[in-house]
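Structure record follows, encoded as structure tokens.
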Amino acid sequence: MKTALTIAGSDSGGGAGIQADLKAFAAQGVYGMSVITAITAQNTTEVRSVQNIKTSIIKDQIEAVFDDIQVDAVKIGMLSSSDTVEIIAQAFEIYKPRFIVLDPVMVSKAGHHLLQEEAILALKDKMIPLATIITPNIPEAEVLTNNQIKTEADMEHACMKMREMGAKSVLLKGGHLNGDPNDLYFDGTDFYWLNGKRIHTQNTHGTGCTLSSAIAANLAKGAASFEAIRIAKDYITTAIAHSLDIGHGHGPVHHFYELYKHANYHLFNNRN
């Protein structure tokens, strides 16, 4: 059994953050572990409040996992503060995880800022250089590069800038541009486009968390970076296509659609 560790915030609504990450790990067939960096009081319509976890507790969580369990890949989500970034970077210098997928979470679907301004510089200096793959969306990449991204050429330029910050590779998600949600992967040498079809639904809560976690899970299982991304994109596309109409706002994606379909198929055939 391969393993993956998520270091992120908790979403009380269950659609994003730690909860989405663990669901994605399970759906991809790896054993999931977690380090909680913040607790959010959150549902499908809003983030009501956020409580950051003390860095000493974050440090203890990381050490408790790495000192006992083999960690095959790490996914990083909501970090919130520069102190949190610093303590995680220090831990990684000791434990040196092989794969790190960094999802630079900045703003929730409801518009709540999840990364403090002073933490952005720390993210650039301390965390991006450790990343095997960084997975920003367009608004996040604009913040990180200080450039507007309006075209595919802009996406390529942004990928190169983020690669220069130290990330081994970049997956820039194109869902915020007009047209189909085509993503761009840059391995430091070549560009690869992953084309998609836009699915018209408001139930997209947790898509970024889920995608990055699925990438980490497949890296843990031995897939090469581009193959891990391709599998994860297919997975999140299916999860969005069969998303759940839960709550009054942005409902969650369906992390276990394929599993449920398989289980229901066998249940139906066993009854007949």
Quiz item: In this structure, are over 12 heavy atoms from other groups packed under 6.0 Å from Asp67 atom CG?
Solution: yes
Self-check item: Atom CD of Gln51 with >12 non-hydrogen neighbours under 6.0 angstrom
Solution: no
So, taking the atom named [atom1] in [X] and the one named [atom2] in [Y], what distance separates them when rounded to the nearest 0.5 Å?
X      : Y      : atom1 : atom2 : answer
Ile149 : Cys159 : CD1   : SG    : 8.0 Å
Leu211 : Asp103 : CG    : CG    : 8.0 Å
Lys59  : Thr84  : NZ    : OG1   : 14.0 Å
His157 : Thr151 : NE2   : OG1   : 10.5 Å
Ile69  : Thr3   : CD1   : OG1   : 7.5 Å
Ser225 : Phe99  : OG    : CZ    : 6.5 Å

Expected output: side-chain [X] to main-chain [Y] donor-acceptor under 3.5 Å:
X      : Y      : answer
Lys75  : Ile7   : no
Thr37  : Met78  : yes
Ser213 : Ala24  : no
Asp68  : Ala64  : no
Ser34  : Thr6   : no
Thr132 : Ile100 : yes
Thr238 : Asp234 : yes

Would you mind checking if [Y] and [X] are paired as a salt bridge, meaning a charged N to carboxylate O distance below 4.0 Å?
X      : Y      : result
Lys161 : Glu164 : no
Asp180 : Arg198 : no
Lys54  : Asp60  : no
Asp183 : Lys233 : yes

Quiz prompt | Sub-6.0 Å ring centroid separation between Tyr31 and Phe25 | solution = no
Quiz item: Using the benzene-type ring in the case of Trp, are the ring centres of His242 and Tyr260 under 6.0 Å apart?
Solution: no
Can you give me the closest heavy-atom contact between [X] and [Y], atom names plus distance?
X      : Y      : result
Ala214 : Tyr235 : CB-CD2, 3.7 Å
Gly14  : Gln19  : O-CB, 3.7 Å
Ile246 : Thr44  : O-CG2, 3.4 Å
Ile88  : Ile58  : CG1-CG2, 4.2 Å
Met33  : Gln70  : CE-O, 4.3 Å
Lys168 : Arg163 : O-NE, 3.0 Å

Exercise. Kindly determine whether Asp11 and Ile18 satisfy side-chain contact (heavy atoms from CB on, under 4.5 Å), including the steps that lead there.
Key: CA-CA 7 Å; Asp11 172 8; Ile18 289 283; over 6 Å; no
Practice problem: On the 0 to 90° scale, with breaks at 30° and 60°, tag the Phe191-Phe186 ring pair as parallel, tilted or perpendicular. | Solution: parallel
With the side chain counted from C-beta on, respond yes when [X] and [Y] share a heavy-atom pair under 4.5 Å apart, and no when they do not.
X      : Y      : answer
Met155 : Ile138 : yes
Gln42  : Arg48  : no
Ile134 : Ile128 : yes
Lys23  : Thr210 : no
Glu156 : Leu184 : yes
Lys261 : His254 : no
His250 : Asn203 : no
Phe226 : Ser169 : no

Quiz item: Linking I/L/V/M/F/W/Y whenever their side-chain heavy atoms sit closer than 4.5 Å, directly or via other members, would Val101 and Val65 fall into one cluster?
Solution: no
Quiz item: Can you name the one residue among Ile76, Ile215, Ile229 that meets side chain to side chain contact (heavy atoms under 4.5 Å, CB included) with Thr135?
Solution: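 That would be Ile215.
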